[in-house]
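Everything on this sheet refers to the single structure shown next.
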Amino acid sequence: RSRLYALEPIGIGTPFVESLSGYIARLADAHAVSVGDLVGRELSPLASKPLISFGPSMRRNRANSHRFHARAHAINGFGESSKRWIEALETATLQKKLRFLTLSLFEGVFSRQGASRHTRAWCPKCYDEWRTRGAIIYEPLLWSIDLVVLCTRHLVSLARECPHCHRPSKPLAVYSRPGHCSHCQHWLGDSPAPSPEGGPDVARGLDAALYRAEAIGELLAIVPRLEGCSLHSVFTANLRACVDVVTSGNVDAFARRCEVARCRLLSHLTGSSVPMIDIMLRICHRLDIPITVFLENDPRRAEPYWRQARKAVQHDRNIPARRSAEQVRLVLSTAAQEEPVPSLSEIARRLGYKGSERLYQVDPDLCKQIAAKYRQSCRSHLWKKP
Ligand SMILES: [Zn+2]
Ligand SMILES: [Zn+2]
């Protein structure tokens, strides 16, 4: 028997996998104790080194103070700190896959910059939907990543401030509870989420944000499959193969095409420095290659992508003829009736566009409907209570 409830982690192998800090909050909730008590009394004694350090007021007055510094952002990220938490939690719950609730596998592959965010972020609509449907309320790892600013399911900005007490909070705090503010304990599901709408600039920003969030989701989904190989060598070899095919090994041309600094690209190719996730996503976006292709040791899958990117670079496609808004709207509304509904990028491709900016420009509401319908048709992220 495990010392604490053997709570199953949520969504391993999907873009919506739970975060380790969220798992701790859910575990505390299941035991009806505060995170502070769970960590201080149950988990810390199991760790090889202290998990938390107590703040000055705690040292002065242990009896009624609860302040701790959990270096909370590091829990979901890379490095020693996350390892200690995983170790202690696995000992206490006898769960064996908690490392997949962190980014620890990407240590030495991507730089820490842009990885873990220092404050908590959430999608109020996801919380509300889970509560309404009686699903488990939890914190996806995706929300804890700095580059992700948008919910890929609801296309709304992630919230970072409690609508009741107007304070931001740490990813893990003494009184963290899934779906609730760790300061005032109010439900966070009803925060008014500013919906990103507006002109073409906003649409372009939305498109880029959506691309990033979805690509990072794909990364999180393949994590369990990547274990056991030297990810850093696989990645470097793939990047080299990509440059070799796409621009025949011409680093200058490749850097120009992807809008990355040449010296930086060179250092990634030799493996002397690791790229920021953001830079890698830019390369993937510019060449239309899924980021997962760079991490999998599967040349047969990768080759066609390299060759396709080479073709695109060689015959840079002509700018498609400008269609009237009415024509685009007609294509959109016809596509919305299709079963199953196509993705926005598929519709854009049919029209000869590279991205879906123009579609959002013409009819943002219809685009959102199509995107929501598409996501519902192919992905479920609801984990039912047993
Ligand atoms: Zn959402
Ligand atoms: Zn609050």
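Sequential numbering from 1 along the given sequence is applied to the chain's residues. We count ligands from 1, going down the list as the structure has it; atoms in each ligand are counted the same way. All of these numbers come straight from a predicted model, not from anything done at the bench.
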A cation-pi test, strictly: NZ or CZ of Arg117 under 6.0 Å from the centre of the six-membered ring of Trp143 and no more than 45 degrees from its axis. Yes or no?
no
Quick one: does Ser356's side chain have a donor or acceptor within less than 3.5 Å of a partner on Leu359's backbone?
no
Metal environment of the Zn ion (ligand 2), protein N/O/S under 2.8 Å
Cys162 SG, Cys165 SG, Cys181 SG, Cys184 SG
Only to 10 degrees, please: what angle do the SG atom of Cys126 and the SG atom of Cys123 make about the Zn ion (ligand 1)?
110°
Can you name the N/O/S atom of His154 that is nearest the Zn ion (ligand 1)?
ND1
So, is the end of the Arg310 side chain (NZ or CZ) under 6.0 Å from the ring centre of Trp306 and within 45° of the ring's axis?
no
Might you work through the salt bridge (charged side-chain N to carboxylate O under 4.0 Å, His left out) test for Arg282 and Glu259, ending with a clear yes or no?
CA-CA 8 Å; Arg282 192 185 309 160; Glu259 293 173 355; 5.5 Å; no
Report yes if some heavy atom in the side chain of Ser82 is under 4.5 Å from a heavy atom in the side chain of Leu20; otherwise report no.
no
Between the main-chain N or O of Trp187 and the side-chain N or O of Tyr127, is there a donor-acceptor pair closer than 3.5 Å?
no
Can you check whether Met276 reaches Met280 side chain to side chain, under 4.5 Å on heavy atoms?
no
